Amino acid sequence: MNNRKHKAVFIAALFVLVIISFSCGGKKDPSAPAKLKIGFLMETYDLDRWQRDEKYFTERANALGAEVIRAVADGDQDRQNKQADNLLTQGVDALVVIPKNLNTAARIIKSAHEKNIPVLAYDRLIMNCDLDMYITFDNEKVGYLQAEGILKSVPQGNFILLGGAASDNNAKLLRQGQLRAIQEHQEKTGKKITILADPFLDNWDREEARRRVSNMLTKFHAEGKTVHAIIASNDATAGGAIAALMAEKTAGIVAVSGQDAELAACQRIVEGTQTITIYKPVRRLAETSAEVAVRLAKKETPAGIMKDLGFTLHALDNGSMKVQSIFLEPVYVTKTNIDSTVIKDGWHSREKVYANIHGNK
Ligand code: GAL
């Protein structure tokens with residue numbers, strides 16, 4: 001009897017314990033720290049590269065235990081500023097911004113700092129604000145490499161410099177690098193480059209580029225001038241320039257540069273209509289940014305972060321301060337080294353790059 005009673009008490013106690021542990025299982029431990037939240041504000045989702053930027057960024061941030069909340073502004077800075085306000089109201093621990101407009105995006109930093117939230121500018125600098133950190137590829141160098149690549153195949157003649165979006169600080173830095181390469185080349189070789197036109201576009205847009213280049217070609221033909229090279233600042237606009245050249249059957253004769261190692265551009269390179277592209281290992285940018293953002297969210301200092309991650313300090317003037325910046329190395333890609341760069345890195349498969357070539361190399 002006594003034994004039976006003990007047994008009953010024991011079973012009842014076990015039952016209670018099981019119930020308690022089940023009911024607690026789904027609940028959060030109140031002493032566990034809340035998950036860090038990072039707001040990722042993207043200008044656009046259009047180009048292939050930006051989708052990869054987001055993927056690698058999110059994967060690394062998640063692996064570091066942070067949650068990423070993404071918003072895409074579709075090329076509208078006002079919308080991005082509102083998205084930033086929304087995220088700040090929801091509660092994020094850091095913001096990472098790919099701005100549309102180098103100037104008006106400064107509002108985001110102001111609002112974030114009012115709430116003591118740090119901001120990292122991703123790939124594009126934001127001017128005249130108290131930015132916490134900036135990470136990018138060395139854009140002046142990208143521009144230099146673009147021009148250098150073209151000058152190797154066209155050492156003299158008439159050039160069009162097709163600038164990127166005027167609202168993007170990178171477009172200006174690329175131009176500086178291009179001009180520096182041209183100047184050095186002229187001094188070194190004594191050969192003359194004539195710049196027939198050097199517009200900036202409204203957007204990094206293929207169709208806008210096609211239209212502008214097509215109009216320029218018509219105009220220069222009428223004036224009896226031959227265009228020998230087009231230094232386009234990215235692959236989308238290179239694609240537009242090449243479409244304009246195709247219409248007058250000079251694609252492959254006029255040298256054209258680009259940037260981003262987009263699949264279509266890599267295909268044009270092996271097919272011979274585009275001369276070079278600049279490959280920026282986006283995975284490195286995205287993953288490093290995630291590391292930096294998580295550390296900023298934990299309120300680590302920019303100087304400490306740079307030191308811990310082993311980066312050399314670059315202090316970049318944004319008009320109101322020297323921003324602590326991380327510069328990554330861009331890679332120059334032509335027909336000759338495409339296999340050992342873009343393909344080797346797994347950025348695009350060999351099958352896809354050579355898809356349109358007969359006999360598929
Ligand atoms: C620039 C960036 C380029 C290109 C372009 C178009 O800011 O540096 O790599 O992607 O935007 O979105």
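Note that the coordinates shown come from a computational prediction; the quantities given were computed from them, not determined experimentally. One-based numbering, in listed order, for ligands and for the atoms of each. These values consider heavy atoms only, across backbone and side chains, with no hydrogens, waters or symmetry-generated copies.
A salt bridge links Asp85 to Arg107: at least one charged side-chain nitrogen sits closer than 4.0 Å to a carboxylate oxygen. Salt bridge absent: Arg49 and Asp235 never bring a charged side-chain N and a carboxylate O closer than 4.0 Å. Under 4.0 Å is where a charged nitrogen must lie from a carboxylate oxygen, and between Glu287 and Arg283 at least one such pair does.
For ligand 1, the protein residues within 4.0 angstrom (heavy atoms only) are Leu47, Arg49, Trp50, Asp123, Arg124, Asp168, Asn170, Trp204, Asn234, Gln259, Asp260, Lys280.
Relative orientation of the Phe57 and Tyr122 rings is perpendicular, given thresholds of 30° and 60° on the angle between their planes.
Using modelled atom types and a 3.5 Å distance limit, the side chains of Asn234 and Thr237 yield a donor-acceptor pair.
Listed here is the closest heavy atom pair of His113 and Asp132: NE2-OD2, 2.7 Å.
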